[in-house]
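This report refers to the structure that appears directly beneath it.
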There are 2 protein chains.
Amino acid sequence: MGPVIRPGRKRSEESRQAILSAAADLVGEVGYAGLSIEGIAARSGTGKQTIYRWWPSKADVLLEALAAKADLHIPIPDEGSYPADLRAFLAASFALGRKPQVIEVLRALMAEAQINPAFGERFRTGFLERRREALGVLVERARTRGDLPPDPRPGTVADLVFGLIWYRVLATREPIDDALIDELVSLLAAG
Amino acid sequence: MGPVIRPGRKRSEESRQAILSAAADLVGEVGYAGLSIEGIAARSGTGKQTIYRWWPSKADVLLEALAAKADLHIPIPDEGSYPADLRAFLAASFALGRKPQVIEVLRALMAEAQINPAFGERFRTGFLERRREALGVLVERARTRGDLPPDPRPGTVADLVFGLIWYRVLATREPIDDALIDELVSLLAAG
DNA sequence: ATTTCGAACCGGTCCGTCTCGGTTCGTTTT
DNA sequence: AAAACGAACCGAGACGGACCGGTTCGAAAT
């Protein structure tokens, strides 16, 4: 008793790719504020309706473009010790953030998440919380191995890590580099 | 050789107050996205030009409204010990954040700071860095007293504190309450 | 047959600038 | 002292431009 599905024209993968790469290019040229659906449509050679049909907002287009462009796989490394695991996790997570354009997009998406509640929910559950949980798994494993003292509250380590990273990105604008990895590892894996 | 002072009508303090309180009221009713210069002008009974003459953007109006409404004095308490000082600093800093409307405005301003570069510079230097420096003074005093081990990098403590706070506000949306104060104090004043 | 596609076209909102007549000052002249 | 003057302000609103979100169209693909 499945629904009667009448076949129709399939979604154009070509248009999808064109839209995503046009969005990624444009945001690097004109910034997030200067980015518009109309601009994406014009650059990609598609129509506005094609974009509105598949994405709720320009922020969602950018989020998918970010996920498509770079590999957003979240690693949970097992190097044998907590400091090594943490270092490997951070190094893999920062691979993206080396490019200023990616940081620019991340800042814009975090900003949009504050202004647009619906996108905020998608951004939190689909992006932020995934990373938080991945780091949580890593920490929990170290804890059962006895590499780490018990947590005052579940998720404290992850909140400290991502808090410091996002504060750098959003507020102080210091670069995301190897020195930050060293600092985080020494702060959280020493005591 | 002082500046040549041209006579003219003085700035209306009445209009300034009306604009600030109208902005504060409106942002609580329609949210930051729904807030507009035209709306502020209409609600305050002033003209758009009067607003554009004195503030570069609606975010600047809100920032001044926030500073005017609540006392934004940044305390540097001296309770005799580092944990007590830190606790007093956090308690005073969080006094504002108890109201959800204030949090809403802070989130919007941080978002705007990411999108509007000129306002971002003002927000960082005039708001964020002031708090960072205040906490830095407090930490440095504790360090010279020997209450705290030397810092791997200047400002590490402040970055951890404000990173965790802002990450809560922007990402996890957990409340800013006394439990957070306890957590921060035990995390940073114990080791 | 059904759905997607590119394209064109609205109605509406807000921005940022500008203009207008009128008001409040400090300065200058009488 | 009193009046005239000019500068910067005031509220109100018109204006062009940009963009949004949605609709409709014929053509194309399956």
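Basis for what follows: all heavy atoms, side chains included, without hydrogens, waters or symmetry-related copies. In the text below, chain A, chain B and the rest are named by the order of the sequence lines, each starting its count at 1.
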Handout entry: Note: B:Arg124-B:Glu121 ion pair, threshold 4.0 Å (strictly below)
Key = yes
Handout entry: A:Ile51 CD1 - D:dT23 P separation (whole Å)
Key = 17 Å
Practice task
Please state how far atom CD1 in A:Ile40 lies from atom P in D:dC19, giving the value in whole angstrom units.
Solution key: 12 Å
Problem - Residues that B:Asp25 engages under side-chain contact (heavy atoms from CB on, under 4.5 Å), provided they are two or more places apart - result: B:Glu29, B:Arg43
Handout entry: ring-ring contact (aromatic ring centres under 6.0 Å, His included) contacts in which one or both residues fall within residues 84-105 of chain A, not counting sequence neighbours
Key =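 Applying ring-ring contact (aromatic ring centres under 6.0 Å, His included) to every pair that reaches into residues 84-105 of chain A, excluding sequence neighbours, yields nothing.
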Problem - Hydrophobic cluster of B:Ile76, others only, ordered by chain and residue number, side-chain cut-off 4.5 Å - result: B:Val137
Practice task
Check for a donor-acceptor pair, side chain of A:Asp177 on one end and backbone N or O of A:Leu180 on the other, with a separation under 3.5 Å.
Solution key: yes
Handout entry: Backbone N/O of B:Trp55 and side chain of B:Asp60: donor-acceptor pair under 3.5 Å
Key =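 It does not hold such a pair.
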Handout entry: Strand contacts (DNA chain D) in residues 108-120 of chain A, 4.0 angstrom heavy-atom criterion
Key = none
Exercise for the section: Answer yes if the side chains of A:Gln114 and B:Tyr32 hold a donor-acceptor pair under 3.5 Å, and no otherwise. Expected result: no
Exercise for the section: Identify, with sequence neighbours excluded, every residue that meets side-chain hydrogen bond (donor to acceptor under 3.5 Å, both in side chains) alongside A:Ser12. Expected result: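 By the side-chain hydrogen bond (donor to acceptor under 3.5 Å, both in side chains) rule, A:Ser12 matches A:Ser15.
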Handout entry: Contact letters for nucleotides 4-16 of chain C, in which S counts primed atoms plus P, OP1 and OP2 and B counts the base, heavy atoms under 4.0 Å
Key = BBSB------SBB
